[in-house]
Amino acid sequence: MNEIMRNWILPEYISDVLPCEARLLEGLRRRMLDLFSCYGYEQVIPPLVEYVESLFTQEDKALDLKTFKLVDELTGRQMGLRADITPQVARIDAHILNRKGVARLCYAGSVVNTRPDGTLSSREPRQIGAEIYGCAGLAADVEIIELMRESLSLAGMNNLRLEIGHMGLFLAMAEASGLDGSAREEIFVALQQKDLPSLKASTTGLSAELRQGFLALPNCYGGAEVLKSAREALPALPGVTEALDALDALRAALQVRGIEPCFDLAELRSSYYHTGLVFAAYTPGYANAVARGGRYDSVGEKFGRPRPATGFSLDLRELSHLPFPARRSGILAPAGDEPALVCCIRKLREQGEIVVVDLGVVGDESGCNRRLVKTDGDWKVVAQA
Amino acid sequence: MITIALSKGRIFEETLPLLAAAGITPNEDPESSRKLIIGTNRDDVRLIIVRASDVPTYVQYGAADLGVAGKDVLLEHGGAGLYQPLDLEIAKCRLMVAVQNGFDYEGAVKQGARLRVATKYTQCAREHFAAKGVHVDLIKLYGSMELAPLVGLADAIVDLVSTGGTLKANNLVAVEHIREISSRLVVNQAALKLKHDRIQPIIDTFTATVQARQQR
């Protein structure tokens with residue numbers, strides 16, 4: 001292959017969005033943002049780059065590794081290309097808007113990851129999501145989950161399996177065990193992978209009750225019966241009971257809205273910053289979750305203003321296996337400066353029609369099914385010959 | 001349809017009894033058949049035959065719902081996107097450091113000099129020597145690691161040892177035990193959730209069978 005052929009090849013896991021896919025993605029983006037606004041969410045557009053200190057906390061190594069970095073030539077400080085919009089929106093809520101009550105914010109934009117997030121994922125996901133700040137109650141989580149379902153429904157995904165977990169279970173048990181650093185991280189990773197053999201090995205030093213609790217978590221998945229068996233299998237720590245009560249209440253609230261959730265109490269995968277309820281939606285034909293979310297009450301802390309927060313997001317590009325919408329057909333009009341023609345074209349476009357001016361180049365691919373022709377001195381739309 | 005990814009040879013042979021316990025019998029023997037997709041007595045279960053090191057990839061991408069993979073392969077793969085709920089206690093062996101008979105391994109490591117290590121398991125080898133504080137130059141090989149020290153390509157190798165016969169035949173000795181290896185059941189994360197009612201009974205039967213064996 002010669003140099004010229006190579007020059008236009010894109011980096012791995014980076015791709016263009018071509019017209020068919022762009023129609024799908026942009027259509028979904030607009031309809032989802034419209035949906036969010038029906039629920040009272042206001043859109044914000046955070047910047048593509050900002051200082052790394054505000055993009056992730058020092059503890060969030062995973063997000064750090066996912067972030068492309070560059071040096072700001074104006075200040076010499078390190079900047080990052082955002083790998084996740086949620087922390088940016090949390091920053092806006094905590095320090096820019098400074099609202100006292102509830103803030104409902106939404107966003108849509110590209111993020112960039114150093115490594116692809118999932119199997120066959122793009123390194124430039126188009127993240128869209130909605131967040132509620134300032135409400136610690138379950139009602140906010142219910143609204144977010146309902147919104148997540150409605151968003152996926154816009155994409156034609158109605159056969160969903162909604163999975164719910166609670167970080168509070170792990171946090172309470174890890175706290176009680178007194179573990180920190182790498183020992184805690186080992187258990188966290190083993191739980192994420194439901195890796196019972198490793199979990200057995202890394203919990204040997206714990207009290208029998210806590211060890212049994214950690215070992216029970218990977219098997220706590222399935223329907224509502226899981227919540228009952230978890231009460232018996234997990235240690236009766238205040239944090240554990242609180243989390244299970246929240247899951248029970250959430251289930252009841254979702255059932256009223258026609259959602260029958262499943263539970264996976266070892267599901268901690270959403271993000272490191274989650275602190276409470278976490279949820280994910282799965283649908284047949286997709287090897288990864290199609291949308292994720294959860295509660296992250298402590299994120300605002302690093303901006304000096306802790307606010308309860310819950311939200312969800314999804315990558316529009318992950319949905320591009322969906323059938324592409326057909327191109328809307330237009331009207332082919334001749335080029336010309338005749339005032340009646342110019343006026344007629346403007347009127348048709350005002351009515352929402354696609355009018356494509358024929359520039360006279362052979363090999364027209366404008367996708368028109370009608371034509372503007374002059375009959376008896378008037379411009380009329382007729383079927384394409 | 002439930003798709004199970006297996007590799008030919010020891011893992012396939014030793015998985016057969018577990019499949020039988022779950023009421024699954026392959027229609028053909030991959031050793032004699034050239035087919036890569038093998039049906040079973042159950043219409044809703046099929047096996048795919050892939051290279052051992054490819055099993056996690058097939059399961060991660062959802063091309064297979066379940067798979068059986070050695071812990072060695074999983075450590076190299078990293079395990080992203082997989083559940084690995086069960087140690088099947090089959091295809092057992094040890095991951096070891098071996099050198100040519102007479103090579104002063106302890107001395108070489110103590111000096112703080114760089115060690116040339118040939119291995120298929122670069123991830124495990126890198127971590128093992130980093131934990132010991134030894135600098136290594138890794139040489140990635142795809143097979144016949146035992147040859148490397150003999151022809152001066154490397155000072156040491158990191159490889160799986162089951163009986164030690166190959167080491168002995170090539171005048172090598174194992175000098176360090178890195179970890180025990182056995183095969184794990186791996187499960188695609190979305191499959192476990194979406195096909196829960198069909199996959200969970202298979203996991204339960206495997207678990208019960210492995211436990212019964214251990215108690216014997």
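Quick note on labels: first sequence line is chain A, next is B, and so on, each numbered from 1. Note that the structure is a prediction, hence the values are computed from the model and not measured.
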So, taking the atom named [atom1] in [X] and the one named [atom2] in [Y], what distance separates them when rounded to the nearest 0.5 Å?
| X | Y | atom1 | atom2 | answer |
| --- | --- | --- | --- | --- |
| Leu196(A) | Gln84(B) | CG | CD | 10.5 Å |
| Asp195(A) | Leu82(B) | CG | CG | 10.5 Å |
| Glu163(A) | Leu192(B) | CD | CG | 8.0 Å |
| Arg161(A) | Lys193(B) | CZ | NZ | 7.0 Å |

Query raised in the report: Looking only at heavy atoms, which of residues 220-228 of chain A get nearer than 4.5 Å to chain B?
Result: Tyr221(A), Gly222(A)
Requested in this report: Let me know if Pro218(A) has heavy atoms under 4.5 Å from chain B in its side chain, its backbone, both or neither.
Outcome: neither
Query raised in the report: Between Asp264(A) and chain B, which part of the residue has a heavy atom less than 4.5 Å away: side chain, backbone, both or neither?
Result: side chain
Query raised in the report: What heavy-atom pair brings Thr283(A) and Leu194(B) nearest, and what distance separates the two atoms?
Result: O-CD1, 3.4 Å
Query raised in the report: Which heavy atom of Tyr286(A) sits nearest a heavy atom of Ala190(B), and at what distance?
Result: O-CB, 3.5 Å
Over 12 foreign heavy atoms within 6.0 Å of [atom1], [X]:
| X | atom1 | result |
| --- | --- | --- |
| Arg42(B) | CZ | yes |
| Asp43(B) | CG | no |
| Arg213(B) | CZ | yes |
| Tyr58(B) | OH | no |

Query raised in the report: Quick one: are Arg184(B) and Pro197(A) in side-chain contact, heavy atoms under 4.5 Å?
Result: yes
Query - Portion of Asn188(B) that has a non-hydrogen atom of chain A nearer than 4.5 angstrom - result: side chain
Report task. Please flag which part of Lys71(B) lies under 4.5 Å from any non-hydrogen atom of chain A: side chain, backbone, both or neither. Result -> side chain
Query raised in the report: Could you name the residues of residues 199-211 of chain B that have a heavy atom within less than 4.5 Å of a heavy atom in chain A?
Result: Gln200(B), Ile203(B)
Requested in this report: Would you mind checking if Asp87(B) and Lys200(A) are paired as a salt bridge, meaning a charged N to carboxylate O distance below 4.0 Å?
Outcome: no
Query - Residue among Gly62(B), Pro85(B), Ala191(B) with most heavy-atom pairs under 4.5 Å to chain A - result: Pro85(B)
